[in-house]
Protein chains: 2
Amino acid sequence: MHNFEALFDYVQRLSGKTLSADDKQILIAHFKPKKIRKRQYFLQEGDVCKYTGFIVKGAAKTFTVDEKGHEHILKLSIEDWWLADFESFYKLTPSRFNIEALEDMEILQITHNLVEEFIKPIPAFSAMQNVLSQNNTIAAQKRMQSSISLTGEERFQELVNDYPHFIQRFPQNLIASYLGLTPETLSRIRKNALK
Amino acid sequence: MHNFEALFDYVQRLSGKTLSADDKQILIAHFKPKKIRKRQYFLQEGDVCKYTGFIVKGAAKTFTVDEKGHEHILKLSIEDWWLADFESFYKLTPSRFNIEALEDMEILQITHNLVEEFIKPIPAFSAMQNVLSQNNTIAAQKRMQSSISLTGEERFQELVNDYPHFIQRFPQNLIASYLGLTPETLSRIRKNALK
DNA sequence: AAAATAGATTGATCTTTATCAAGCGTATTT
DNA sequence: AAATACGCTTGATAAAGATCAATCTATTTT
């Protein structure tokens, strides 16, 4: 039961509701703990993303590889986030993305069907899903707006303000890719910013 | 009742469920039809987005204005879409966005509170919300991915493929802004593409 | 019909960012 | 301890895109 506490806390905090003992048993019964070693893949391009994973510990990157072999990082995920390519997860279509552990990870994973059948009926869980959906909508909107209207330097500054722990935790070349920049460009941006 | 049919159809189509006569009455009782003339604002920067509007007819742009006075278009919305700055709508905080009608519009508008209290209990409606949320997540992810990994030309080509009716319906300078490009750059991109 | 406005295009120039290549320091691996 | 891999930086150059200005056309507006 050790690492389920993180999930319970998360659901209760986001939903503002309490999980009953029965609710918790349902979560324990259907989420499967899994360990992923650093550099292991949670999802490979072309595969269907059958599971979503709640991150108890560790970090991962979600990325594509273009024709030139360059990685483009769509998401950097850490504790208390959900790991998945949601397009593939919802529609059960082959994914265009890879998801790879950047550190040793502990996750709690589950299929879409099990969520729908057993987990969603838990009031705190479905309330959490609604809040999460709102948060994601807001964050996606903000990131998109920055992407179309800010320079690389401004986007980097925004990331430093909004997610300072990301800057500390991840190497600069991954941050650069997440911002849609090359590592060289981000290096120069930072050098200039120290005026 | 005329323009409610579009909303009924939409809810039923997305949810895969049927609206009862009672359900329809609830929708009619709480959504308010509103007309917005071309160039009128549905939302002004600094105001709280109290309503979301289902677009029965017409089109609008959601945009910010930067310090240099340049517009950046986050969204172009047409029939069967929901009009709102959802950050402001959910949290009731002042919006950073403007929403302006690009054509004469007919919308059905409603507050967040009324949705939560009267509309969400309608099974077809909340099912529709779930599907919509999934669709939005997928679309946002795709657009973001394109933004960090594709050139302007590739993003334009993708838009032509995915939303050809947008290209026909909106002037090129708005499309450019939506893609994060200047009108001049998009004009040259199109000229080059006709090799 | 005349005037004003909106949108598209083109040219010249500047800025931002990517690419390619090299070098350097520090972890990891063996 | 040596070897390897990884991440960061810097330089030179190229490409993508922005800016500014001018022109042209087609709509609206008056």
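First the proteins, then the strands, lettered A, B, ... as listed; each starts at 1.
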Could you tell me how far apart [X] ([atom1]) and [N] ([atom2]) are, to the nearest whole angstrom?
X: A/F170; N: D/dC6; atom1: CZ; atom2: P; result: 18 Å
X: B/N173; N: D/dT19; atom1: CG; atom2: C1'; result: 16 Å
X: B/F156; N: D/dA16; atom1: CZ; atom2: P; result: 17 Å
X: A/E71; N: C/dT19; atom1: CD; atom2: P; result: 14 Å
X: A/R37; N: C/dT29; atom1: CZ; atom2: C1'; result: 14 Å
X: B/R155; N: D/dG17; atom1: CZ; atom2: C1'; result: 10 Å
X: B/E153; N: D/dA18; atom1: CD; atom2: P; result: 14 Å
X: A/E154; N: D/dA18; atom1: CD; atom2: P; result: 13 Å

Could you work out which one of D/dT19, C/dT17, C/dA8 sits closest to the side chain of A/I189?
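Given the options D/dT19, C/dT17, C/dA8, the side chain of A/I189 is closest to C/dT17.
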Under the ring-ring contact (aromatic ring centres under 6.0 Å, His included) definition, can you give me all pairs with a residue in residues 151-171 of chain B, not counting sequence neighbours?
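Listed by first then second residue: B/Y163-B/F166, B/F166-B/F170.
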Summary of ring-ring contact (aromatic ring centres under 6.0 Å, His included) pairs that have at least one residue in residues 114-155 of chain A, sequence neighbours excluded
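Output for this query lists A/H30-A/F118.
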How would nucleotides 25-30 of chain D be written as a contact map, 5' to 3', with B for base contact, S for sugar-phosphate-only contact and - for no contact, using protein heavy atoms under 4.0 Å?
----S-
My understanding is that only residues two or more places apart in sequence, or in another chain, count here; which of them pass salt bridge (charged side-chain N to carboxylate O under 4.0 Å, His left out) with [X]?
X: B/E116; answer: B/K120
X: B/D162; answer: B/K142
X: B/D9; answer: none

Partners passing side-chain contact (heavy atoms from CB on, under 4.5 Å) against A/Y51 (at least two apart in sequence or in another chain):
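Partners of A/Y51 by the side-chain contact (heavy atoms from CB on, under 4.5 Å) criterion, ordered by chain and then number, come out as A/F42, A/Q109, A/T111.
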With A/N161 via side-chain contact (heavy atoms from CB on, under 4.5 Å) - residues at least two apart:
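With sequence neighbours excluded, A/N161 shows a side-chain contact (heavy atoms from CB on, under 4.5 Å) to A/Q157, given in chain and number order.
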Do A/Q172 and A/R190 have side-chain N/O donor and acceptor atoms under 3.5 Å apart?
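Judged by distance alone, the side chains do pair up.
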Check: A/D23 side chain, A/S20 main-chain N or O, donor-acceptor pair, under 3.5 Å
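Yes, the answer is positive, given that a donor and an acceptor are paired below the 3.5 Å cut-off.
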Judged by atom type as modelled, is there a donor-acceptor pair below 3.5 Å linking the side chain of A/Q12 to the main-chain atoms of A/L19?
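Flag set: sc A/Q12 to bb A/L19 pair under 3.5 Å.
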For residues 165-179 of chain A, which residue pairs pass the salt bridge (Lys or Arg N to Asp or Glu O under 4.0 Å) check, not counting sequence neighbours?
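Pairs touching residues 165-179 of chain A that pass the test: A/E79-A/R169, A/E103-A/R169.
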On DNA chain D, check which nucleotide each of B/H70 and A/L186 is closest to and give me the residue with the more 5' one.
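Here A/L186 is the residue nearer the 5' end.
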Check nucleotides 12-14 of chain C for protein N or O atoms closer than 3.5 Å to its own N or O atoms and list the pairs.
from: C/dA12; atom 1: N6; to: B/R188; atom 2: NH2; distance (Å): 3.3

Could you list by number each residue of residues 175-185 of chain A showing a heavy-atom separation from DNA chain C of less than 4.0 Å, or answer none if no residue does?
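Heavy-atom contacts with DNA chain C come from A/G180, A/L181, A/T182, A/E184, A/T185.
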Please tell me if A/Q172 has a side-chain N or O lying less than 4.0 Å from either OP1 or OP2 of D/dC6.
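No, because none of the side-chain N or O atoms of A/Q172 sits under 4.0 Å from OP1 or OP2 of D/dC6.
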Below the 4.0 Å mark, does D/dT9 have OP1 or OP2 next to a side-chain nitrogen or oxygen of A/K191?
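False: A/K191 side-chain N/O out of range (4.0 Å or more) of D/dT9 OP1/OP2.
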In the hydrophobic cluster built from side-chain contacts under 4.5 Å, what are the other members alongside B/L74?
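Members other than B/L74 - counting any ILVMFWY side chain reachable under 4.5 Å - are A/L74, A/F97, A/M144, A/I148, B/F97, B/M144, B/I148.
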